[in-house]
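Letters A, B, ... are given to chains in the order of the sequence lines, protein chains preceding strands, and every chain is numbered from 1.
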There are 2 protein chains.
Amino acid sequence: MPKHVDPDARRRHVVDALFRVVVREGLQRTSLRAVADEAQLNIGSLRHYFASQQDLMRFAMQSMLDRVESRLLEHVERIGDLGNRPRPERLRLAAGFLAELLPLDEHRRAEVTVFLDFNTAARTNPAFGDLSRQAAEGTGKLVRRVLTRLDAAGALRPGLDIGIETERLTALLDGLSLRAVLHPEVLNPRTCADVLFTHLDDLSMPAGTPGSAH
Amino acid sequence: MPKHVDPDARRRHVVDALFRVVVREGLQRTSLRAVADEAQLNIGSLRHYFASQQDLMRFAMQSMLDRVESRLLEHVERIGDLGNRPRPERLRLAAGFLAELLPLDEHRRAEVTVFLDFNTAARTNPAFGDLSRQAAEGTGKLVRRVLTRLDAAGALRPGLDIGIETERLTALLDGLSLRAVLHPEVLNPRTCADVLFTHLDDLSMPAGTPGSAH
DNA sequence: GCCTTTCTATCACGCCTGTGATAGAACGCA
DNA sequence: TGCGTTCTATCACAGGCGTGATAGAAAGGC
């Protein structure tokens with residue numbers, strides 16, 4: 001088994017470089033040569049790990065989605081069972097969880113930036129079509145699940161249409177991300193988080209209502 | 001003064017062609033030659049009206065923003081004074097007005113698509129920087145004005161933070177547009193409009209108060 | 001030692017891009 | 001008619017792109 005380097009590590013290294021280029025220059029200007037330079041690799045080496053540009057791009061987008069998903073799972077692990085928390089804390093936890101999707105720090109900001117570029121490219125580039133759709137449906141289902149759980153725990157206002165509220169909250173998250181990434185001087189992370197919390201608070205029980213059934 | 005053709009009409013013709021290419025192929029693949037072909041013009045003629053690619057692109061983005069603005073103004077004209085309408089109708093009118101920003105029909109859909117591509121490009125292309133920022137601030141101020149008017153007319157819930165609510169509604173509109181453009185099979189125009197109305201209804205007087213919706 | 005696989009590095013090709021330069025047609029006015 | 005401006009059309013160039021081909025280095029198993 002000849003194995004000088006770990007190919008998976010190499011691919012991760014290349015993908016990291018690609019993300020940096022995308023953030024700095026945009027997906028439009030993210031060429032094989034630019035990525036190779038950023039990764040300090042020869043373009044020949046790079047092509048040894050990725051058969052074609054499309055392979056690289058798809059792999060990169062898939063990696064990005066995987067990373068987001070694993071960070072979300074990690075967050076779920078961290079908060080554990082939220083069934084037996086006091087109601088205001090449940091809201092706070094839900095907000096903190098959904099905030100993983102917002103560009104509130106440099107790390108998430110880079111990720112959301114890449115996410116946005118890939119997904120807008122997917123509109124006209126069939127190579128990304130399935131991944132983009134899967135991502136959009138994924139966040140939708142995620143938001144729906146959060147709302148459903150909150151509702152089941154009696155934390156939400158009665159009479160809400162969960163379908164509509166799912167679309168509303170999902171669109172709100174997407175919109176906050178979009179504006180925060182494109183116009184950080186207009187929408188800063190703090191306001192971003194405030195808006196999210198305000199929204200969840202709006203969906204919750206009015207103050208003074210008896211809390212969790214159970 | 002020799003004048004065979006109307007230069008303004010020509011420029012409009014070219015910009016229309018450019019928009020079609022952007023919608024169909026994405027801004028990334030919108031080259032001078034592609035636009036010239038779409039406009040059924042020789043690239044030489046095209047370059048007679050636009051000194052450089054950057055000139056064309058900036059002109060196109062500015063045109064798009066002008067068209068959106070004029071459609072909004074036209075809508076304002078159409079509804080006239082809304083001060084003396086019954087409250088539920090005021091909400092409906094405000095929703096209809098803000099819906100001008102959503103891709104609810106093919107025309108607006110194309111416009112929002114172009115808007116999105118230009119604004120995402122503006123993140124890394126300084127040529128669009130000022131226009132993009134101006135657009136983002138414009139919609140923000142627009143939303144704020146709508147909310148302020150509704151509030152002044154007593155149509156809104158008391159205790160709302162107009163600043164936060166402006167950001168929230170703006171992000172919601174952006175998010176709806178984004179999802180409707182990128183994933184029309186997930187978020188259809190009908191749901192889009194429903195979400196907007198639900199949101200405005202949520203901001204209005206609490207349920208049970210005379211005049212509040214449904 | 002040798003052999004095979006893995007990896008790095010480079011060349012060349014065809015394609016597309018924006019753009020400078022330029023020639024000629026179309027047209028209105030004198 | 002001829003003149004000058006406006007417009008159309010084309011060529012050529014340099015630069016960037018993805019990619020096929022290929023040669024050579026590096027590394028481990030035998």
Side-chain angles (χ1 to χ4, degrees), chain A residues 1-22 24-62 117-118 121-122 124-128, chain B residues 1-22 24-62 117-118 121-122 124-128:
Chain A
M1 268 173 197
K3 198 201 276 186
H4 319 155
V5 299
D6 179 7
D8 288 345
R10 265 288 202 256
R11 288 198 179 93
R12 253 181 282 124
H13 176 71
V14 170
V15 165
D16 285 339
L18 184 142
F19 288 166
R20 287 195 298 274
V21 175
V22 170
R24 190 188 338 119
E25 320 250 9
L27 189 56
Q28 179 161 27
R29 289 191 247 288
T30 301
S31 62
L32 286 186
R33 285 168 173 88
V35 174
D37 284 1
E38 177 73 25
Q40 306 215 63
L41 284 176
N42 190 286
I43 188 176
S45 318
L46 196 152
R47 293 186 56 211
H48 179 254
Y49 296 100
F50 299 96
S52 71
Q53 169 176 243
Q54 182 167 304
D55 270 27
L56 169 59
M57 291 301 186
R58 275 190 61 90
F59 185 87
M61 184 170 179
Q62 182 70 63
D117 260 27
F118 270 112
T124 51
N125 187 344
F128 302 136
Chain B
M1 259 140 226
K3 197 201 278 186
H4 319 156
V5 299
D6 179 7
D8 289 344
R10 265 287 202 256
R11 278 186 244 267
R12 252 180 284 123
H13 176 71
V14 170
V15 165
D16 285 339
L18 185 143
F19 288 167
R20 287 195 298 274
V21 176
V22 170
R24 190 188 338 118
E25 319 250 9
L27 189 57
Q28 178 161 30
R29 289 191 247 288
T30 302
S31 62
L32 286 186
R33 285 169 174 88
V35 173
D37 285 0
E38 177 73 27
Q40 305 216 64
L41 283 176
N42 190 287
I43 187 175
S45 318
L46 196 151
R47 293 185 57 209
H48 179 255
Y49 295 99
F50 299 96
S52 72
Q53 169 176 246
Q54 183 168 302
D55 270 28
L56 169 59
M57 291 300 185
R58 276 190 60 91
F59 185 87
M61 183 170 179
Q62 182 69 64
D117 260 28
F118 271 112
T124 52
N125 188 343
F128 302 137

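Side-chain N or O atoms of Asp117(B) include one that pairs as donor or acceptor with a backbone N or O of Leu27(B) at under 3.5 Å. In this structure, Arg58(A) contributes its side chain and Phe128(A) its backbone to no donor-acceptor pair below 3.5 Å.
Atom CZ in Arg11(B) sits roughly 13 Å away from atom C1' in dT6(D) (whole-Å rounding). Atom-to-atom, CZ of Arg10(B) to C1' of dC27(C) comes out at 14 Å; the value is rounded to the nearest Å. Rounded to whole angstrom, the span from the CG atom of Leu46(B) across to the P atom of dT17(C) amounts to 13 Å. The NE2 atom of His48(B) sits 7 Å away from the P atom of dT6(D) (whole-angstrom rounding). Atom CG in Asn125(A) sits about 14 Å away from atom C1' in dG18(D), given to the nearest Å. At whole-Å resolution of the value, CZ in Phe50(A) and P in dG20(D) are 16 Å apart. With rounding to whole Å, His13(B) atom NE2 is found 15 Å from dC7(D) atom P.
Considering only side-chain N and O atoms, Arg47(B) lies nowhere under 4.0 angstrom from the phosphate OP1 or OP2 of dT8(D). Residue Tyr49(B) has no polar side-chain atom (N or O) positioned under 4.0 Å from OP1 or OP2 of dT6(D).
Defining each end axis of the helix from dG1(C)-dC30(D) to dC29(C)-dG2(D) as the rotation carrying four pairs' C1' atoms onto the next four, with five pairs an end, the two axes are found to diverge by 10° to 10 degrees.
Between dT10(D), dG18(C), dT19(D), one nucleotide has an atom nearer to the side chain of Ile43(B) than all others, and that is dT10(D). Among the nucleotides dT19(D), dT8(C), dC7(D), the one closest to the side chain of Gln53(A) is dT19(D). Distances from the side chain of Ser45(B) to the nucleotides dT19(D), dA9(D), dT6(C) place dA9(D) closest.
To the nearest 0.5 Å, atoms CD (Glu38(B)) and CG (Asp16(B)) are separated by 10.0 Å. With rounding to the nearest 0.5 angstrom, the CG atom of Asp37(B) is 8.0 Å from the OG atom of Ser31(B). Note that the OG1 atom of Thr124(B) and the CZ atom of Arg24(A) stand 11.5 Å from one another [nearest 0.5 Å]. A distance of 10.0 Å separates CZ in Arg10(B) from CG in Leu46(B), rounded to the nearest 0.5 Å. Note that the CZ atom of Arg29(B) and the CG atom of Asn125(A) stand 5.5 Å from one another [nearest 0.5 Å]. The structure places CE of Met61(B) at 12.5 Å from CG of Leu18(B), a figure rounded to the nearest 0.5 Å.
For residues 27-42 of chain A, proximity to DNA chain D is found at Ser31(A), Leu32(A), Arg33(A), defined as any non-hydrogen atom under 4.0 angstrom from a strand atom.
When the options Phe19(B), Phe50(B), Tyr49(B) are evaluated for a side-chain contact (heavy atoms from CB on, under 4.5 Å) with Val14(B), the one that passes is Phe50(B).
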